[in-house]
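First comes the structure, then the notes that go with it.
Letters A, B, ... are given to chains in the order of the sequence lines, protein chains preceding strands, and every chain is numbered from 1. These figures come from a predicted structure and were not determined experimentally. Every heavy atom of this structure was used, including side-chain atoms; hydrogens, water molecules and symmetry mates were not.
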Amino acid sequence: MKDPIQVRFSGAGGQGLITAGIILAEAAMLEGRNVVQTQTYGPEARLGSSRAEVIISSGQIAYPEVTSPDVQVCMSPEAARKYAPKTAPGSLVVLDSTCVRDEITTTGRVARLPITQAAVDLGNKVVANAVALGVVNALAGIVSHESLVKAVVARVPRKYAELNERALTVGAELATSAAESAGAQAASS
Amino acid sequence: MRPQRLVQGNEACAHAALYAGCNFYAGYPITPSSEVMEILAQEMPRRGRVFIQMEDEIASISAIIGAAWGGARVLTATSGPGFSLMQEGLGYAAITETPCVIVNCQRWGPSTGQPTKGAQGDVLQAIWGTHGDHPVIVLTASAVRDVFDMTVRAFNLAEEYRVPVVLLMDEMVAHMRENIDWPEPGEIPVFERRKPADPATFKPFGGDEFVPFGTGARFHVTGLAHGPEGFAVADENAARELKRMVGKIRDNVLKLTMVDRYRLDDATIALVAYGITSRPAQSAVDLLRDQGIKAGLLSLKTLWPFPDDAVREVARRVETIVVPELNLGQLVREIERSAAGMCGVIHVGRVDGHLLTPTQIAQGALQQEAVRA
Amino acid sequence: MSEDYRRFLRLNQLPHVWCPGCGNGMIVKSLLEAINELRLDQDRVVVVSGIGCSGRTPFVLDFNTMHTTHGRAIAFATGIKLANPELHVIVVMGDGDASAIGGNHFIHACRRNLDLTALVFNNGIYGLTGGQLAPTTPMGKRSTTSLGGSIEPAFDLVRLALGAGAAFVARTTSFDHKQCTSLIKRAISHHGFGVVDVLTSCPTYFGRMNDVAEPYDMVHYLRDTSAPAHDSACDHGPPPDTSLLPTGIFRDEERPDYAVLYRQKIAAATSERRAS
């Protein structure tokens, strides 16, 4: 894993992106690392644009904001258009293909995965944030899956803990299948 | 190792107030400070302490001043528009030497501006905003743990010096979350109010001691110019009282001011920053050092009284001072005054609602280098 | 039997600043009679004022006293009372304090029902600043900022307080001393927010501008423009529609005051905390 690593979740208000950022930060804390979690949001109480960012470092974090995300997830078309193109070559850009259908030009490595659809299949769209976390963590290897599970269970209401845990796993599986198919594509081309 | 907690700036402020013994909060909702009030709305009644939501910010600051004279340790938190309304009460707290803490989570611009964007545009208002010469202490914080420590310090100084203390936060530090060591009880000293030996002969003004109403002293509190007993004075007596009040701050600059130093020992360029801007400034120092430029950072934790000596000491031995601020040039004026021509002073401002980046600050410093070379 | 009220006065702060013929002294006398009759502990009485002629009241009273900013007395008093509910907090305001600059605090205090007593020294004009129009200046009456007569309807503070939900609402005049004392006493005894609108005389400004410049005439003016509507608490009710300003008690309800409800909230929150 890159150290320090910068992670960005972007999308719309109500998708639980800030919670996702908090959970990732808490998982990293469980592993003894320093974290800063920041966010920007519009003036709307609901449904505006939303962005949560996390910096994780084994050292001190002076500048608290993400300047160039190593990993990012875009969960709305607006977020994808705004953030995906501006990214460092080689960085990871995950697009939630349930919400983002446009072609996006970026120098990052793109993974298109049906994150929100996976949450719907699990029975509750609300856990799309946990699916996204599972995806990102599996692709970037930021923390151990166990730390992520611990952080989720500690943060969400008890009756949703199991659902969220499953969402993390589903996210990780989505990521693995994507990585495999990308590998297969690379081999065939 | 003690388990750490992921804490938001506003959350640290609210819990630090509880830690410091705050037992009365009055406020009015306003972005981006509302979390302080929401947390205290929950936590104060749980501890048998008082929380009240008032009808506006003027009422909020008036209520906390009243509560202080009722015997409470008091806090209100607000943001720009509310802070403007509170200037009336801030002056009353100053002239009545009422210990109280006012937190201002600064947001962008005058008037409504941009409620969800941070800035450092209220610095001079915090110092000079209410009319007339007056004593006030202004503190700032650049990290979540810093918010905790400076909130406790704000209570301590308010009690020790019997003055209103303004803690200037900003939207960024108010809403960011960081892992912190949560202070244990007793870890940070909490100043206890000085009580007179005999409340019956207590003079409400002119001393460090404080007793509230209802303890048998029966005194008068007024916003008019007044002497030690609280009754009106004029002419040279009014001048004496005003000088004494302002003197509480002016005569204790060294005790009141706090600064942090980073890689300053051999620096030829010094960044002088405060609040959230200290964070990119510290990274800028590292960027400049990587390019072989001897940069350092003086981070100001106390904005008023102004840490003149610390700035002057730096100005004496560097070629340039760079002042990054999220405004169009506010504290830089005090820094120029302190530097008094001993070095160049340049301002790097940003007012689009975003935090200055380390690169922007470093480039600001480098341009100055280029100009000199 | 006559009482010696000097024990309630800061004699070294006399003389007061009020003009000859001003009604404020009569209201203060009523207040001291009420405090005396209720046997309130002098050390536990707090008198809080705003700004203006009425604002000078606490200077001369030997209680815990606080002269605050214009219009904010009720907000300061709210803090004092909640910080120490054992204090008897009496707010003394002018009509400018209560209905102009501090109107917001006044209506919210009526709604909130904290156990405070608010006395409005209502002279229908700004006295200390030199006789300008107040929200309580009757329509047609003159002031230094309405020389041709006011074209604004005046606030009726009783109706305002009733509308805002105050639990105890009364009106009296500085002319009717017995009624004034009795209503202030009732307001202090009442648990919750009590308002007494006291119409008082300002011969210097209101009088001179409106042909009642002689103190004696000004007192008669108060008498002739008001009428007792409800002599006792038993027959209180909304003010009748008459050309005369009715006096008496217009509402006297006991309902849980803010401090009682807040104590219940503390009890619930602390037991919840112990449980968790």
So which of C:His108, C:Arg111, C:Glu86 has the biggest tally of heavy-atom pairs under 4.5 Å with chain B?
C:His108
Selection from C:Gly102, C:Pro58, C:Ala267 maximising heavy-atom pairs under 4.5 Å formed with chain B
C:Pro58
Where C:Arg72 and B:Ser62 come nearest, the two heavy atoms and their spacing:
CB-OG, 3.7 Å
Using a cut-off of under 4.5 Å on heavy-atom pairs, state which of C:Ile107, C:Asp41, C:Thr68, C:Ile51 scores highest against chain B.
C:Thr68
Winner by heavy-atom pair count (cut-off under 4.5 Å) against chain B, out of C:Asn12, C:Asp62, C:Thr270, C:Val89
C:Asp62
So if I take each residue of residues 73-81 of chain C and look for any heavy atom under 4.5 Å from a heavy atom in chain B, which residues do I end up with?
C:Ala75, C:Phe76, C:Thr78, C:Gly79, C:Ile80
Given a strict heavy-atom distance threshold of 4.5 Å, which part of C:Leu87 is in contact with chain B: side chain, backbone, both, or neither?
side chain
Does a side-chain heavy-atom distance below 4.5 Å link B:His220 with C:Gln13?
no
Side chain / backbone / both / neither for B:Ala59 at chain C, heavy atoms under 4.5 Å
both
Mark yes when over 12 heavy atoms from residues, nucleotides or ligands other than C:His70 sit less than 6.0 Å from its NE2; otherwise mark no.
yes
Mind checking what makes side chain to side chain contact (heavy atoms under 4.5 Å, CB included) contact with C:Phe63, not counting sequence neighbours?
C:Phe8, C:Leu32, C:Ile35, C:Gln42, C:Val45, C:Val47, C:Leu61, C:Thr65
Rounded to the nearest 0.5 angstrom, the CG-OG1 distance for C:Asn84 and B:Thr215 is 9.5 Å
Between B:Gly216, B:Gly71, B:Gly230, B:Gly223, the one whose heavy-atom pairs under 4.5 Å with chain C are most numerous:
B:Gly216
Check whether any side-chain heavy atom of B:Glu55 lies under 4.5 Å from a side-chain heavy atom of C:Arg112, and answer yes or no.
yes
What part of B:Glu229 gets closer than 4.5 Å to chain C, counting heavy atoms only: side chain, backbone, both or neither?
neither
C:Arg10 versus chain B, heavy atoms under 4.5 Å apart: side chain, backbone, both or neither?
side chain
Using non-hydrogen atoms and a 4.5 Å limit, figure out which bit of B:Phe213 sits close to chain C: side chain, backbone, both or neither.
both
Taking every heavy-atom pair that is under 4.5 Å apart, which of B:Pro45, B:Gly70, B:Ala217, B:Gly91 has the most such pairs with chain C?
B:Pro45
Can you check whether C:Phe59 reaches B:Leu224 side chain to side chain, under 4.5 Å on heavy atoms?
yes
Please report the interatomic distance OG1(C:Thr69) to CD1(B:Ile65), rounded to the nearest 0.5 Å.
7.5 Å
Please determine whether the number of non-hydrogen atoms from other residues, nucleotides or ligands lying under 6.0 Å from atom CZ of B:Arg47 exceeds 12.
yes
Can you name the closest pair of heavy atoms from C:Asp43 and B:Arg218 and give their distance?
OD1-NH1, 2.7 Å
Per-residue contact mode, B:Ile52 against chain C (heavy atom under 4.5 angstrom):
both
I'd like to know which of B:Phe231, B:Phe51, B:Phe24 tops the heavy-atom pair count under 4.5 Å against chain C.
B:Phe231
When rounded to the nearest 0.5 angstrom, what is the spacing between NE2 in C:His67 and OG1 in B:Thr96?
12.5 Å
